[in-house]
Amino acid sequence: MAEYSKEEIKRIEEKWKTIWEQKQAYRTDLDHNRPKCYVLDMFPYPSGAGLHVGHPLGYISSDIYARYKRLKGFNVLHPMGFDAFGLPAEQYALEHGVHPAVSTQKNIETFKKQMRGIGFSYDWSREVQTCDPSYYRWTQWIFIQIFDSWFNRKKEKAERIADLVKIFEKEGNAHHPFPNTKYTLPGTKSNVFSTADWKSFKPQLQQEVLMQYRLAYLAYTDVNWCEALGTVLANDEVINGVSYRGGFPVVKKQMRQWSLRITEYADRLLKGLEEIDFSDSMKEIQRNWIGKSTGARIDFKVKSEKGTVPSMTVFTTRPDTLFGVDFMVVAPEHEIVKEITSAAQEEEVSKYLTYVESRSEVDRMAEVKKITGCFTGAYAIHPFTHTEIPIWTSEYVLAGYGTGAIMAVPCGDERDHKFAKFFKLPITNIIGKDYNGEEANPSYDAILQNSDFLNGMVMRDAIGVMVDRLEQLGIGKRQVNYKMRDAGWSRQRYWGEPFPVVFRGDMPYAMADQDLPLELPNTNNFKPSGSGEGPLANLKDWIHFSPTERRDSNTMPTHAGAAWYFLRYMDPHNDKVFAGREALDYWNQVDVYIGGSEHAVAHLLYSRLWVKILHDLGYLSFDEPFKKLINQGKITGDSRFVYRIRGTNQFVSAGLKDKYETDPLHVDINIVNGLELDTDAFRKWRPDFTDAQFVLEEGKYLCGSAIEKMSKSKYNVVNPDDIIEKYGADTLRMYEMFLGPLEQSKPWNTNGIDGVYKFLKRFWNLFHDGNGKFGVTPDAPTPDEHRVLHKTLKKISLDIENYSFNTCVSEFMICVNELTALKCNKRSVLEPLVVALAPFAPHIAEELWSLLGYTEMVVGARFPEYDERHLQVTAHAYPISINGKVRATMEFALDMPKDDIEKMVLASEIVKKWSEGKPPKKVIIVPGKIVNVVL
RNA sequence: GCCCGGGUGGUGGAAUUGGUAGACACGCAGGACUUAAAAUCCUGUGGCCAGUAAUGGCUGUACGGGUUCAACUCCCGUCCCGGGUACCA
């Protein structure tokens, strides 16, 4: 008896999982005779909670795609691994005393077990774990390559530091100025040096200079210091001034940190977006993050009491508005403030600076709209009108962007306008009626007035004219600015990659290749030192491993291991290089990358950066890692609530809750059916509910509901294991796809899962008679059966190529409905369908395939091609236009073979009737479209 | 505030990208089988109206306009929902 029952499903699924493992069915090797396809999932962080139904959504889609591509004859790389370093394991260690290595391994085992249950086709022989020394050895190695390179702006690519040294020896740094324009050589005010200077520098100073160019560099930088976590956070880990994890306050602190000079790549990261297939919103997020703006730097002479400052420089995107400047604003942190403040304003300015310093990041974030500022007593001289423009300082100008100083044009900029109104400063109007006196108009299209040589010009056109003039006079220059900052790369944590450097004196030196990996020392002391140093600082012997040398006490962020793991998959066991060149060239770019949109800025940008650097240094033939990115939507939880009457153990049904004073409580989703609570189960759920009383409506207890994030504390987590236990993995896979479009977020519910289960059962039954006996007939298909088969094959293959898996499932259901109605049990029809179903429901497909008599697995089969000749197209009646003009309308509806000649014949017949016997010269007819006829 | 998405039956969602809106599934209702229930199968199911009926008519894709022979799809305006971002000059 072979019925598609719970027991049979279990037997089948376990059987095939075991066979796949024994035969290593999904093992992949280089094969130059077949086209390759690299299908990648974002590898998970193995959290203690295990997988929930949201995780597999992306994994299932990528698995379907990978399996499909295999059946289409591609050599598919479809690996999985673990992003195993990270803060949660370390915090767990602090709380429970379990070493991160131990808890991480345990979690990974759980993840793998759960993944096995779903029946993924991963090549587990290629698994990587970022915390494995044989892996992070190469993370460290790549870091050294980055440390050992600089960005040649002339060639727009990374080169070796050794090449830079050669340049310095030949010509100093005249053609390659310091990336940081504010940097000056120690003891001087200069930022240029000659060959002779370079040769006179002591080795220590040479290293210091080189550090200014390195793509991974050490510098005192303002970092986001989180006291509560005892660590520094990256910009993208700070949300609204508090830590993304825990929501603790974050303040600025100066620390000597590693950074990656990602800003040098801003333009290439931006340009690269044009050639890769990411969603519009994803590209937009990255563009915003990079934040490119073009404009000009403009120098202003300064008149102060002390007369010491010859000029100040501002950045503006609107040089066309130069004649509308009414005041200047510099950031409070700007060093010029102290130099130009007049005696009369001294007290007020210092009071204001104290106030600004006292304001935490959170305060500033919370009160963005608050207008504060102070006059410095100094004036800038307008380069054309030579009028005196008052210089103010205000926190609305940021020290870290542009030059930290702006020219304020209140009639065109909203913030400048508000500032002017608040401090009652006069406003110059340069755009006539386009400025209403009430609010700024940031238009580019107004006609300029009051603007000397720009009068009468459209603002947009005036920009270039003004910049040209400024450049001629040598008081301004075209300039591009980016919002993006260099990426902080140090973490004061234990559970991460140690930096592969040794310090001699103050300077770090890269470790030699043969000394890698620098292994993370084993310890049980994970407490941060609190002063800003990480737990590794507690290991004095490790830090000071020799009398003259010491190690870095920081570790790298989790982004490091994740920035290149997709390369390691290509050649995971290589101990000579991070991945062999042949494998890198063969597997090349990731063809499809599926994962959550939350990694839009951090992970995806760092991966793109590392690949670009490795490409520049000659290690890779491609410079974008991911050809196509798909963001699967989040699966949210669907929570249920019960309402307890305050102070009692009585619970009121949702419809009646307003009649009482109640408190809502989350209730376990698993003891609620739809909205109806299983009251017996509820009493058993928790001891304090044993004697719960219920106020029912219409004999039922109905729960309240809300869509929320899935989390343990909300009792709305659905574990895929439970679904598999009840319906099997094939049903879970197909149901998750059936839920809706892949990229759309949706709440999890099991409302329709029976429909999918029934579908599989009916599919199974097509191969069996009423008594559960397997049997198919050898007959040839009827035209109807042909049509059903080829229609389905066409739709399925097209939809998979478009990642539209939900419509695939529907198409399968239609197919089974139609074949059931036709009572079709022919091998010629059913066999191709087994192969088509295999990507979605691999277990049942394998079983049916073997029942059909194949000894080789369906894994190795070929996806059936559809044949257009078996498809019937229904044409509809539409107006027919003759010579582009609509002449008449006629209805026809018929099944028409989709064949061009017949279409022509048909169309000409129709037209013949209408155009009074005149035969058409040219007829274009597309089913479902306007029929165009040229007479 | 600004920038992207999106709004279709009781529900999840289809619609060849301008061509019969609501496929498929859930739910619901009715029926068959059964002593009964479960399971399974069949029929119906956007709304309103007419008819004993087969059927026919009107209306309908957030709202208001427009383009078109034809609009869920394109254009203009309005209202909601989701995501990103936040003094970046």
Side-chain angles (χ1 to χ4, degrees), chain A residues 3 5 239-240 279-293 295 314-319 321 329 331 364-365 367-371 394-398 400-409 412-416 418-419 442 481-485 597-598 600-601 631 633-634 636 674 707 735 738-741 743-759 761-762 765 770 794-795 798 804 806-817 820-821 873-881 885-889 891 893 926-931:
Chain A
E3 217 174 296
S5 63
I239 295 158
N240 293 329
S279 71
D280 289 344
S281 72
M282 195 57 42
K283 287 187 178 180
E284 197 61 25
I285 291 170
Q286 293 214 354
R287 279 196 200 101
N288 287 341
W289 187 261
I290 295 166
K292 179 177 180 169
S293 44
V314 301
F315 173 73
T316 179
T317 53
R318 297 300 299 271
T321 62
V329 189
R364 277 182 80 156
M365 292 288 193
E367 303 175 308
V368 170
K369 294 276 134 62
K370 193 169 164 183
I371 297 167
S394 168
E395 58 182 340
Y396 88 86
V397 172
L398 305 174
Y401 182 77
T403 60
I406 62 150
M407 59 178 218
V409 183
D413 184 280
E414 189 201 336
R415 293 153 305 176
D416 297 346
K418 284 191 176 137
F419 193 85
N481 266 338
Y482 299 93
K483 273 199 249 181
M484 185 168 64
R485 306 291 148 83
S597 55
E598 64 272 21
V601 283
N631 298 115
K634 286 189 201 57
T636 44
I707 304 297
Y735 183 61
F738 182 70
L739 224 41
E743 308 210 9
Q744 189 175 304
S745 288
K746 50 225 157 192
W748 173 261
N749 65 67
T750 51
N751 286 348
I753 199 163
D754 281 327
V756 174
Y757 179 66
K758 264 190 270 184
F759 153 75
K761 206 165 184 171
R762 295 178 60 182
N765 289 342
K794 181 178 182 181
K795 188 104 167 74
L798 248 54
S804 176
N806 56 325
T807 50
C808 285
V809 179
S810 294
E811 195 57 33
F812 272 121
M813 290 178 174
I814 295 170
C815 175
V816 166
N817 286 349
T820 307
V873 178
T874 307
H876 299 292
Y878 298 107
I880 294 195
S881 71
K885 205 171 176 186
V886 174
R887 290 292 167 87
T889 314
E891 300 221 352
V926 182
K929 297 276 180 193
I930 294 178
V931 181

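Chain A is the first sequence line, chain B the second, and so forth, proteins listed ahead of strands; every chain is numbered from 1. Fair warning: this is a prediction, and the values are worked out from it, not measured in the lab.
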Within less than 4.0 Å of OP1 or OP2 of A89(B), is there a side-chain N or O belonging to Y401(A)?
-> yes
May I ask you to verify if any side-chain N or O of R287(A) is less than 4.0 angstrom from the OP1 or OP2 atom of C4(B)?
-> no
Rounded interatomic separation in angstrom, taking NZ from K283(A) and P from G5(B) | 13 Å
Rounded to the Å, how far apart are E743(A) CD and G83(B) P?
-> 16 Å
For G30(B), give its Watson-Crick or G-U wobble partner with both distances under 3.5 Å, or none.
-> C42(B)
Rounded to whole angstroms, how far apart are CD1 on I814(A) and P on A23(B)?
-> 10 Å
Please state whether the phosphate of C26(B), meaning OP1 or OP2, lies under 4.0 angstrom from any side-chain nitrogen or oxygen of N749(A).
-> no
P gap between C63(B) and A54(B), integer Å | 31 Å
P atom, A50(B) versus A38(B): distance in rounded Å?
-> 37 Å
Look at the side-chain N and O atoms of Q744(A) and state whether any lies under 4.0 Å from the OP1 or OP2 oxygen of G13(B).
-> yes
Fit a plane to each ring of W748(A) and Y735(A), take the angle between them on a 0 to 90° scale, and name the class: parallel (under 30°), tilted (30 to 60°) or perpendicular (over 60°).
-> perpendicular
Looking only at C26(B), A89(B), A23(B), the nucleotide nearest the S810(A) side chain is A23(B)
As its Watson-Crick or G-U partner within any shown strand, both distances under 3.5 Å, G82(B) has C4(B)
If you round to the nearest 0.5 Å, how far is CE of M484(A) from OH of Y401(A)?
-> 12.0 Å
Indicate, with a heavy-atom threshold strictly under 4.0 Å, whether D754(A) touches base, sugar-phosphate, or nothing.
-> nothing
Which of G13(B), C4(B), C26(B) is nearest the side chain of N751(A)? It is C26(B)
Can you tell me if the side-chain N/O atoms of K758(A) get under 4.0 Å from OP1 or OP2 in C41(B)?
-> no
Pairing partner of G12(B) (Watson-Crick or G-U wobble, both distances under 3.5 Å) | C24(B)
Can you tell me the Watson-Crick or wobble partner of C74(B), both distances under 3.5 angstrom?
-> G66(B)
Pairwise P distance, C75(B) and G7(B) [rounded to whole Å] = 14 Å
Can you tell me if the side-chain N/O atoms of S293(A) get under 4.0 Å from OP1 or OP2 in A89(B)?
-> yes
Tell me the partner of C58(B), counting only Watson-Crick (N1-N3 plus N6-O4 or O6-N4) or G-U wobble (N1-O2 and O6-N3) with both under 3.5 Å; none if nothing fits.
-> G47(B)
Per atom distances to the N806(A) side chain, the nearest of A25(B), A23(B), A14(B) is A14(B)
Counting any heavy atom closer than 4.0 Å, what does P741(A) reach on the DNA or RNA strands: base, sugar-phosphate only, or nothing?
-> sugar-phosphate
Could you tell me whether the side chain of K634(A) and the main chain of S597(A) form a donor-acceptor pair under 3.5 Å?
-> no
At their closest point, which heavy atom of N749(A) faces which heavy atom of G752(A), and how far apart are they?
-> OD1-N, 4.4 Å
Length of the CZ-P vector between F738(A) and A23(B), whole Å | 12 Å
Pick the C1' atom in A32(B) and in C81(B), then give their distance to the nearest Å.
-> 45 Å
Residues V816(A) and R762(A): closest non-hydrogen pair is CG1-CB, 3.7 Å
